[in-house]
Amino acid sequence: MADLQPLLHDLAIALHAPTVVLSGRDGQIRDGGTQGLLHGDLRLLSEAVVTVDGDEPEAIASDEPGAGRARFTGLLRRLGAPGPDPTVWLRRERRVTASGMTEELSLVSTDGVSRHCVVEVVLAADFAPIDEIKSGGRRAPVTPDGTRWAADSAVSEVTAEGAEVVADGPRVRLRWPVELAGTTTLRWSLAVSDERALFVPAGTRLPRPEVHADDRRFTALLDRALDDLDGLLLAEHDHPGDAFAGAGAPWFLTLFGRDSIWAARLALPLSVDLAGGTLRTLARAQGTRHDPATGEAPGKILHERRRDVFETIGGAALPAEYFGTVDATALWVCLLHDAWRWGLPEDEIRDLLPTLRFALSWITGAADSDGDGFAEYRDESGHGLANQGWKDSGDAVRFRDGEQAKPPIALSEVQAYQHEAVVCAASLLTALGEPADGLSEWAAALRERFRDRFWVSTSDGHYPALALDGDKRPVDALTSNIGHLLGTGLVSDPESAEIGALLLDPRLAPGFGLRTMSSSSGGYSPLSYHCGSIWPHDTAIVLRGLQRSGQGSRAASLAAQLLSAAPAFDYRLPELFSGYSPSETSSPLPYPASCRPQAWSAAAAMSLLMAFLGLDADVPARTVTLDPPRPSPVGALRVRGLPLAGSTLDVAINAAGEVTELRLPPGFSLLPEQRHE
């Protein structure tokens, strides 16, 4: 029987990139599955099991009060006094740092009886790589040298004050004899290092504006999201000031072009510095040559970077530096433009203009591999990703009857990204006094081609197809991809309104967010990766597009749906969750192998804030747009200290959606409301 990918939905996860610790909800780190301490794509601790007099505590509660913390409580009924009330228990608090973890074990007795017991922690390390873990593989633990494990350039070492250290083959046993009366606290820690680790923790934290809302769910979601984004920040060794968001824990805690760009783009109202770091990091990795094995091409932006080849469950073997993405290049250009509008300093923008020009050469040239006027992809290597848009699972691109599309595939949202990138580049270059010859004409021609070739009419409505397949047939499934067209300029205002109405249809937006595929499509499955599940970042991108295309009330409605899903995940929105509707389940069901936290899911919370405020800014023009939905979906909402142009913005609205307080940065003015609905 083939190995199965281990599940994550029931695990406690604490992280400070590049380190993440996963355990059961009882706090135990058990051999097997994904549990353990991972650092730089290696598992440097695979077992940490606590017993007291040979018994494991009986778990009664756990929580994760911060990105890098987890707490667990378990009863020790055999040690306690007879009777129904627990009198002895263990509190286990875990703290994760970029270079390891510490646990504090508090043994508590309340019955006034002094008793002797032995607390033991059993530790092991297998140094398994992340792709082996993800594929369900198992390997024997490494034999330690005392309290130290070493393999593959990595080292982990345990310390435990006051403990007896016992070697037991590949395991280390920490033992504390305890005379228990009241509370006894014990501590152990693990320090990890890896000479081959690609990235270091970013030496920065994101700003924290003060946000209050009548709907406490929203502030809980935002607080959790900003904490998780901080926990995901990484940087290159030689450029520690250029922070970017690692895509997600545990599978993707590294640089991902598309994911890191979208996380920075959604978080722009919070930090232009994150955008700048992301742009520069990816610019340094921009493609310079043609290489079918890695997907590299001159001007192309990287997809992902790993320490070694990453072998997937489906049989793909992705090179350590892999360019198999059709959309990251255009998205990089869009991020550069948006970062400029939100206030990234002009000198930083100008430093990136050579990268911009090189990216544009790929967008307007080699991205169209067959000369039909659209950007498409095909895996030339035979061992890369079959699908190279954001929906990159092998079965993601389907016709309405469920048939899978054959390559080369031209995705609708990729045409939108490219159109937006070229238009934005023309605007940016012109504003900087740089030549932008031919860009506006290229974008206009793409608009006409798209309108002619992509739009379809089915019983679901009139809408753009998901893609064109290798025979240039429109792939006619109704999907969330069409929402990515909004606000890019590729579709007209009437077309945007037509798309917006479809996006809020219960077949796509059933109540917890936006499904990736309509429930009316033949390939729909609510527990699939890309054919009916709900991705928070996808919902956030679409509600952002709705807002940008003048459909603020629809954006707010979709934002409210996603907010309603947050409590089911303790306000830590995962990579994705099931596409079941509220009529099918009282709360969203997890997608069990989903990353948590995921950078673009965390950044989605900022899109909700922008939608609830109806807020946008143009720093070069020194203007702010403020058009809250009426009434406010979260009641009264107040934001203070939102960073903008070296100053801050304060705004408050009441439950009716009326602005009751506004303080703009010096020299800024408020644009009139611009409602299209």
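Side chains included, hydrogens not; waters and symmetry mates left out as well; all remaining heavy atoms used. Only a predicted model underlies this, so the values are computations on that prediction, with no experimental measurement involved.
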Least distance between heavy atoms, [X] atom then [Y] atom:
| X | Y | result |
| --- | --- | --- |
| Ala17 | Ala98 | O-CB, 3.7 Å |
| Ser106 | Thr185 | OG-OG1, 3.4 Å |
| Leu38 | Thr34 | CD1-O, 4.0 Å |
| Arg43 | Gly32 | NH1-O, 4.5 Å |
| Gly513 | Leu558 | C-CD1, 4.4 Å |
| Ala249 | Leu15 | CB-CD1, 4.1 Å |

For the pair [X] (side chain) and [Y] (backbone), establish whether a donor and an acceptor sit closer than 3.5 Å, ignoring hydrogens and angles.
| X | Y | answer |
| --- | --- | --- |
| Arg115 | Leu79 | yes |
| Asp230 | Leu206 | yes |
| Ser135 | Gly137 | no |
| Glu195 | Ser153 | no |
| Asp227 | Ala67 | yes |
| Glu575 | Cys595 | yes |
| Asp214 | Val634 | no |
| Arg208 | Leu226 | yes |
| Ser46 | Gly36 | no |
| Glu64 | Ile13 | yes |

Between [Y] and [X], is there a salt bridge with N-O shorter than 4.0 Å?
| X | Y | result |
| --- | --- | --- |
| Arg307 | Asp152 | yes |
| Asp126 | Arg139 | no |
| Asp228 | Arg596 | no |
| Arg91 | Glu93 | no |

> Does the side chain to side chain contact (heavy atoms under 4.5 Å, CB included) test come out yes or no for Val166 and Glu120, once each step is laid out?
Replying inline: CA-CA 10 Å; Val166 180; Glu120 183 176 75; over 6 Å; no
Approximate separation, where rounding is to 0.5 Å, of [X] [atom1] and [Y] [atom2]:
| X | Y | atom1 | atom2 | result |
| --- | --- | --- | --- | --- |
| Glu164 | Arg173 | CD | CZ | 11.5 Å |
| Asp273 | Leu268 | CG | CG | 10.5 Å |
| Arg25 | Asp63 | CZ | CG | 9.0 Å |
| Asp41 | Asp308 | CG | CG | 8.5 Å |
| Ser62 | Asp26 | OG | CG | 8.5 Å |
| Ser578 | Arg515 | OG | CZ | 9.0 Å |

How about [X] and [Y]: do any of their side-chain heavy atoms sit closer than 4.5 Å?
| X | Y | answer |
| --- | --- | --- |
| Ser23 | Phe72 | yes |
| Tyr322 | Arg306 | no |
| Thr539 | Gln561 | no |
| Phe569 | Arg224 | no |
| Thr97 | Thr19 | no |
| Leu253 | Leu232 | yes |
| Leu107 | Leu90 | yes |
| Trp176 | Thr184 | no |

Using a cut-off of 6.0 Å, state whether more than 12 heavy atoms not belonging to [X] lie near its atom [atom1].
| X | atom1 | value |
| --- | --- | --- |
| Glu179 | CD | yes |
| Arg216 | CZ | no |
| Asp10 | CG | yes |
| Arg78 | CZ | no |
| Arg69 | CZ | yes |

> Are Ser607 and Leu562 close enough, and set up right, to give a side chain to side chain contact (heavy atoms under 4.5 Å, CB included), and what steps lead you there?
Replying inline: CA-CA 11 Å; Ser607 286; Leu562 190 57; over 6 Å; no
> After noting the C-alpha distance and the side-chain angles of Asp538 and Leu576, does the key distance pass the side chain to side chain contact (heavy atoms under 4.5 Å, CB included) rule?
Replying inline: CA-CA 9 Å; Asp538 185 32; Leu576 71 155; over 6 Å; no
>> Aromatic contact between Trp535 and Trp390, with the criterion being ring centroids under 6.0 Å apart: yes or no?
In response: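 Ring-ring flag for Trp535/Trp390: true, centres closer than 6.0 Å.
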>> Please confirm whether the ring centroid of His237 lies under 6.0 Å from the ring centroid of Phe199.
In response: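 Centroid distance His237-Phe199: not below 6.0 Å, so no.
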> Out of Ile60, Thr73, Leu76, which one pairs with Trp89 under the side-chain contact (heavy atoms from CB on, under 4.5 Å) rule?
Replying inline: Thr73
>> My understanding is that only one of Val178, Val119, Val88, Leu105 makes a side-chain contact (heavy atoms from CB on, under 4.5 Å) with Val52; could you say which?
In response: Val119
> Can you list the steps and then say if Asp215 with Arg217 is a salt bridge (charged side-chain N to carboxylate O under 4.0 Å, His left out)?
Replying inline: CA-CA 5 Å; Asp215 190 334; Arg217 297 176 307 167; 2.7 Å; yes
> So Leu563 and Leu221, side chain to side chain contact (heavy atoms under 4.5 Å, CB included) or not? Walk me through it.
Replying inline: CA-CA 8 Å; Leu563 179 58; Leu221 172 64; 4.0 Å; yes
> Who are the side-chain hydrogen bond (donor to acceptor under 3.5 Å, both in side chains) partners of His530, not counting sequence neighbours?
Replying inline: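 Listed in chain order: Ser393.
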>> Could you go through Arg187 and Glu104, starting from their C-alpha distance and side-chain angles, then the distance that decides it, and tell me whether this counts as salt bridge (charged side-chain N to carboxylate O under 4.0 Å, His left out)?
In response: CA-CA 5 Å; Arg187 295 177 182 84; Glu104 188 171 273; 3.0 Å; yes
>> Is the ring pair Tyr529/Tyr591 parallel, tilted or perpendicular, if the boundaries are 30 and 60 degrees?
In response: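 If you compare the ring of Tyr529 with that of Tyr591, the planes turn out tilted.
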> Taking it one step at a time, do Asp111 and Ser109 satisfy side-chain hydrogen bond (donor to acceptor under 3.5 Å, both in side chains)?
Replying inline: CA-CA 6 Å; Asp111 59 11; Ser109 174; 3.2 Å; yes
> side-chain hydrogen bond (donor to acceptor under 3.5 Å, both in side chains) between Glu584 and Ser581: does it pass, once the steps are laid out?
Replying inline: CA-CA 5 Å; Glu584 296 171 296; Ser581 70; 3.2 Å; yes
